[in-house]
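Single-structure report; data block below.
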There are 2 protein chains.
Amino acid sequence: MGRFVPVHHEAHDDCFAEEASQVLAGNGLRVTRPRRAVVELLERSPRPMGAADIHQELRTQGIRIDRASVYRVLAVLEAQGLVHRVLSAQGYMACHPPTHLHLHGGTEPADHSCHHHLVCRACGRTLETHCDGLRGLIDTIVERTGFQVEGHVLEIVGTCRECRQK
Amino acid sequence: MGRFVPVHHEAHDDCFAEEASQVLAGNGLRVTRPRRAVVELLERSPRPMGAADIHQELRTQGIRIDRASVYRVLAVLEAQGLVHRVLSAQGYMACHPPTHLHLHGGTEPADHSCHHHLVCRACGRTLETHCDGLRGLIDTIVERTGFQVEGHVLEIVGTCRECRQK
DNA sequence: TTCTGTGCAAAAACTTTGCAAGCCG
DNA sequence: CGGCTTGCAAAGTTTTTGCACAGAA
């Protein structure tokens with residue numbers, strides 16, 4: 001079973017914003033104020049945020065951005081793999097490029113950087129974990145079904161340690 | 001690693017509709033024509049269907065149902081665990097009660113009936129698989145994080161064998 | 001017959017699109 | 001300066017809600 005490395009989102013360092021800028025610039029996209037603001041907001045958020053949440057929070061912070069722009073910015077960031085749509089929470093979350101959409105490289109060796117989400121029902125926070133044990137399971141499925149795996153999503157719902165202790 | 005049992009949704013037998021009726025009746029809910037129609041439709045569908053798809057398909061079949069009712073019916077069925085919202089495809093799929101929302105029983109022994117979805121990007125079909133190998137991985141996560149797991153979703157995206165051969 | 005559940009219609013929420021002005025590089 | 005991006009406004013979609021009638025039990 002693989003190594004387990006819990007990473008709480010609040011603990012992210014700010015280098016992601018810069019990393020995001022490089023990805024955008026490297027793809028001929030501009031690093032604008034709204035884009036940077038969304039990236040930084042999602043990076044700091046302990047939980048996935050929906051388009052409406054993002055819009056409201058940025059306005060609260062005094063950043064002038066239109067609702068339509070939030071959608072456009074999210075579309076661009078998602079296409080660049082800088083943001084990931086967290087499914088069951090219908091929200092978006094910052095996502096470092098290496099874990100790019102959970103997509104595995106085609107015929108490349110196993111990607112052990114895949115991460116999963118632990119969503120706490122009580123406090124709503126999402127913890128991110130890294131654990132390559134899933135890879136073996138997926139390999140088994142590939143072997144038995146002939147299914148060619150391009151990506152996966154594993155989301156675990158429950159109660160985090162802190163909330164259990166209350 | 002657990003036994004792997006691919007189950008194509010088209011192969012479902014019709015007992016599910018009856019099973020669904022019992023669950024509804026058992027909870028003081030009525031077994032109405034619209035509810036039965038939605039359950040039977042999802043049971044037969046090889047892929048997840050959105051609310052709009054369900055509405056249109058039922059109308060095509062000559063079943064008179066309102067769009068609003070589709071939403072209300074889906075809400076009821078989902079609450080009863082008879083239907084499962086397939087995340088990445090933003091659709092719903094029939095779901096036998098035993099796998100009820102992928103929720104594990106609290107302190108009960110490991111539930112090996114959990115299933116996962118294999119979503120083919122090419123043909124859009126969803127295969128359902130049973131494989132208890134994931135359980136071990138989740139147990140590891142529980143052990144290391146103190147997270148109390150209530151349920152999980154594993155969705156694998158890729159290309160099915162048939163589409164690969166084209 | 002009783003009361004849940006439905007159809008219809010309208011409202012609310014969410015998302016997309018067009019266009020002129022703004023801003024990044 | 002040139003063209004990608006944005007704000008604004010309006011249209012398009014999806015989902016929810018209110019109410020009187022229909023149909024399960």
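Residue numbers begin at 1 in each chain, while the letters A, B, ... track the order of the sequences. Quantities reported herein were computed from a predicted structural model and do not represent experimental measurements.
- What separates OH of A:Tyr92 from P of C:dC14 is a distance of 13 Å, to the nearest Å.
- In terms of phosphate contacts, A:Tyr71 brings a side-chain nitrogen or oxygen within less than 4.0 Å of OP1 or OP2 of C:dT15.
- In this entry the distance linking CD1 of B:Ile65 with C1' of D:dT15 reads 15 Å, nearest Å.
- Rounded to whole Å, the distance from CZ on B:Arg64 to P on D:dC21 is 14 Å.
- In this structure, B:Val31 reaches the sugar-phosphate backbone alone: every heavy-atom distance under 4.0 Å involves primed, P, OP1 or OP2 atoms, never a base.
- Per the geometry, CZ belonging to A:Arg35 stands 11 Å off P belonging to D:dG7, to the nearest Å.
- Residue contacts shown for A:Arg72 include a base, since a base heavy atom lies under 4.0 Å away.
- Looking only at distances, no side-chain donor or acceptor of B:Arg67 sits under 3.5 Å from a matching main-chain atom of B:His55.
- Counting only heavy atoms from C-beta outward, the side chains of B:Val31 and B:Gln22 never approach each other to under 4.5 Å.
- Of the two residues contacting DNA chain C, namely A:Ala52 and A:Asp66, the nearest-nucleotide position lying further toward the 5' end is that of A:Ala52.
- Nucleic acid contact for B:Val73: sugar-phosphate only, since backbone atoms but no base atoms lie under 4.0 Å from a heavy atom of the residue.
- Here the P atom of nucleotide C:dG5 and the CG atom of B:Leu74 are 15 Å apart, to the nearest Å.
- Side chains of B:Leu74 and B:Leu42 form a contact here, defined as non-hydrogen atoms less than 4.5 Å apart.
- Position along DNA chain D of the nearest nucleotide to B:Ala51 versus A:Pro34 favours A:Pro34 as the more 5'-ward residue.
- Contact annotation: A:Thr32 does not reach the phosphate of D:dT5 (side-chain N/O to OP1 or OP2, under 4.0 Å).
- Within the structure, every side-chain polar atom (N or O) of A:Arg30 is placed at least 4.0 Å from both OP1 and OP2 of D:dT6.
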side-chain contact (heavy atoms from CB on, under 4.5 Å) for B:Phe147 and A:Arg161? Distances and angles first, verdict last.
CA-CA 5 Å; B:Phe147 196 87; A:Arg161 194 200 307 260; over 6 Å; no
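- Proximity of B:Arg33 to the phosphate of D:dG23: no side-chain N or O atom is located under 4.0 Å from OP1 or OP2.
- At a threshold of 4.0 angstrom between heavy atoms, the contacts of B:Arg67 include nucleobase atoms, whether or not backbone atoms are also involved.
- Note: CZ (A:Arg36) to P (D:dT6) measures 12 Å, nearest angstrom.
- To the nearest angstrom, C1' of C:dT4 lies 15 Å from CG of B:Asn27.
- Between A:Asp53 atom CG and C:dT15 atom P there is a gap of 10 Å when expressed in whole angstrom units.
- Side-chain contact between A:Leu82 and A:Leu24 is present, with heavy atoms from C-beta onward closer than 4.5 Å.
- Within the nucleic acid shown, A:Ala68 comes within 4.0 Å of at least one base atom, counting heavy atoms only.
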